[in-house]
Amino acid sequence: MNSLLQRIKAFVFGKESGYAFATITLIIAVIPEGFFKCLKQIKCLSFCKEWSDIALIIIGRVILCCGIFLVVKILFNIWYKNRTEVEIKGLNYKIVVEYGDITSITEGKRVIHFDECFTTIVGKAPGDIKSDSVCGQYLLKNPDINVPALIEQAGITPLKGKSKYNNNTKYESGILVPNGDDLLMAFAKLDKNGRADMTYEEYLKTLDKLWGEIDRYHGTEDVYVPILGSLITHFDKDLTQQQLLDIMISSYRLHDRKLKIPNRLHIVCKEREGFSLNNAFGVE
């Protein structure tokens, strides 16, 4: 019984109901009472000829309101389920969450995340960059990129310790290396087998570093970031793409450095089963 009542409540007072009620109010205010009185002249509505004008107006308005309510609900739900981007607004900042391929975006600054060692070998070995990852696609589209030279040019200093994987040189997770309009990011830590492996706390620390770096490099352009860690990164907690998106949004909203309007942070997502832009934290 409670479940039924909750469904009825959600249907009548859902997000789209406000639009439906506003539309009903507007149309009822515009349509004159004479419109309903004219219904008696329609042959197929001959059964209402004996009704009084007041009854005809009341019943006509009720039927019209119900019809408008259902039409608006249906149209809103079609749009709601098929929209490809949503916007989250805050005090002097905006976040856009959208479906797309970040490697195909040609405007603004793109953040491309590597591992902590800025590995550039695309392959199937555990320590290689996977070809279907954002980094792998980027490297395949830019085969002549010289990451060590870019790191040196940016004056980025490696961390004192070495990576667990082959004792390779490693960099602080979240740090950015400019490459034209692209911002190459040190992200996933590597275990001894070359597998991307991070704790939840390390992930939060990385995001905190990233937002500061973006503030440093974005200039006057929008910045596009993928959902970090949603493909092959292993965490000490079971985190879905939906949860990772919410963590990124929450972290950015709490950070003291954000892109100021009109510049926006774009989080670019892959469409997957069990994931929806509409369920992102802060989405209306």
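Within the structure, the side-chain hydrogen bond (donor to acceptor under 3.5 Å, both in side chains) test picks out no pair touching residues 225-235 (sequence neighbours left out). Within the structure, every pair that satisfies the salt bridge (charged side-chain N to carboxylate O under 4.0 Å, His left out) test and touches residues 162-178, not counting sequence neighbours, is listed here: Glu172-Lys209.
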Using residues 86-94 as the side-chain source, report each donor-acceptor pair under 3.5 Å to any protein atom, sequence neighbours left out, with the distance given to one decimal.
unit_1	atom_1	unit_2	atom_2	d
Glu87	OE2	Arg264	NH1	3.4
Tyr93	OH	Arg253	NE	3.0

Which pairs of donor and acceptor atoms, one on a side chain in residues 174-188, lie under 3.5 Å apart (sequence neighbours left out)?
unit_1	atom_1	unit_2	atom_2	d
Asn179	ND2	Tyr138	OH	2.9
Asp182	OD1	Arg110	NE	2.8
Asp182	OD1	Arg110	NH2	3.1
Asp182	OD2	Arg110	NH2	3.2
Asp182	OD2	Tyr138	OH	2.8

Mind listing the side-chain donor-acceptor pairs of residues 117-134 below 3.5 Å, one per line with the distance, residues two or more places apart or on another chain?
unit_1	atom_1	unit_2	atom_2	d
Thr119	OG1	Asp115	OD1	3.2
Thr119	OG1	Asp115	OD2	2.7
Asp128	OD2	Ala125	N	3.3
Lys130	NZ	Ala125	O	3.1
Lys130	NZ	Asp128	O	2.9
Ser133	OG	Lys130	O	2.7
Ser133	OG	Gly136	N	3.0

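Side-chain atoms of Phe281 and Val97, non-hydrogen and from C-beta on, never get closer than 4.5 Å to each other. With a 4.5 Å cut-off on side-chain heavy atoms, Ile249 and Val283 do not count as touching. In this structure, Asp215 and Trp211 have side chains that are not in contact, with every pair of non-hydrogen atoms separated by 4.5 Å or more. Under the 4.5 Å side-chain criterion, counting only non-hydrogen atoms from C-beta, Val225 is in contact with Ile214. Using a 4.5 Å heavy-atom threshold, the side chains of Lys270 and Phe275 count as separate. A heavy-atom distance below 4.5 Å is found between the side chains of Val147 and Ile151.
There is no path of hydrophobic side-chain contacts, each under 4.5 Å, that joins Ile145 to Val111. Hydrophobic clustering, with ILVMFWY side chains joined whenever heavy atoms are under 4.5 angstrom apart, keeps Leu265 apart from Ile105. No continuous path of ILVMFWY side-chain contacts below 4.5 Å connects Ile68 to Leu75, so the two sit in separate hydrophobic clusters. Linking Ile, Leu, Val, Met, Phe, Trp and Tyr whenever their side-chain heavy atoms come within less than 4.5 Å leaves Met198 and Phe114 in two separate clusters. In the hydrophobic cluster analysis, where Ile, Leu, Val, Met, Phe, Trp and Tyr join through side-chain heavy atoms closer than 4.5 angstrom, Tyr200 is grouped together with Met248.
Proximity of a side-chain donor or acceptor of Asn166 to a complementary backbone N or O of Asn168 within less than 3.5 Å is not detected. No donor-acceptor distance shorter than 3.5 angstrom exists from the side chain of Asp222 to the backbone of Gly108, with no hydrogens or angles considered. The backbone N or O of Leu204 sits nowhere less than 3.5 Å from a side-chain atom of Asp208 that would complete a donor-acceptor pair.
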Tyr165/Glu116 under side-chain contact (heavy atoms from CB on, under 4.5 Å): CA gap, chis, key distance, verdict: CA-CA 10 Å; Tyr165 182 62; Glu116 63 177 351; over 6 Å; no
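Rounded to the nearest 0.5 angstrom, Cys65 SG and Leu70 CG are separated by 11.0 Å. Here the SG-CD distance, from Cys269 to Gln241, works out to 6.0 Å after rounding to the nearest 0.5 Å. Note that OH of Tyr203 is 14.0 Å distant from NZ of Lys189, once rounded to the nearest 0.5 Å. Summarising the geometry, atom CG belonging to Leu277 is positioned 7.5 Å from atom CD belonging to Glu271; distances are rounded to the nearest 0.5 Å. One distance of note links CG of Asn77 with CH2 of Trp79; it measures 10.5 Å at 0.5 Å rounding. Taken from CD1 in Ile95 to OH in Tyr252, the straight-line distance is 6.5 Å, to the nearest 0.5 Å.
With respect to the salt-bridge test (charged N to carboxylate O, under 4.0 angstrom), the residues Lys205 and Glu202 do not qualify.
Evaluated for a side chain to side chain contact (heavy atoms under 4.5 Å, CB included) with Leu228, the options Leu244, Leu210, Thr206 yield exactly one hit, Leu210.
Every residue meeting the side-chain hydrogen bond (donor to acceptor under 3.5 Å, both in side chains) condition with Asp101, not counting sequence neighbours, appears here in chain and number order: Thr103, Ser104.
Within 6.0 Å of NZ on Lys81 lie no more than 12 heavy atoms contributed by other residues, nucleotides or ligands. The number of heavy atoms from other shown groups lying within 6.0 Å of CZ (Arg257) does not exceed 12. Crowding of Glu221 atom CD: a count of heavy atoms from other residues, nucleotides or ligands under 6.0 Å exceeding 12.
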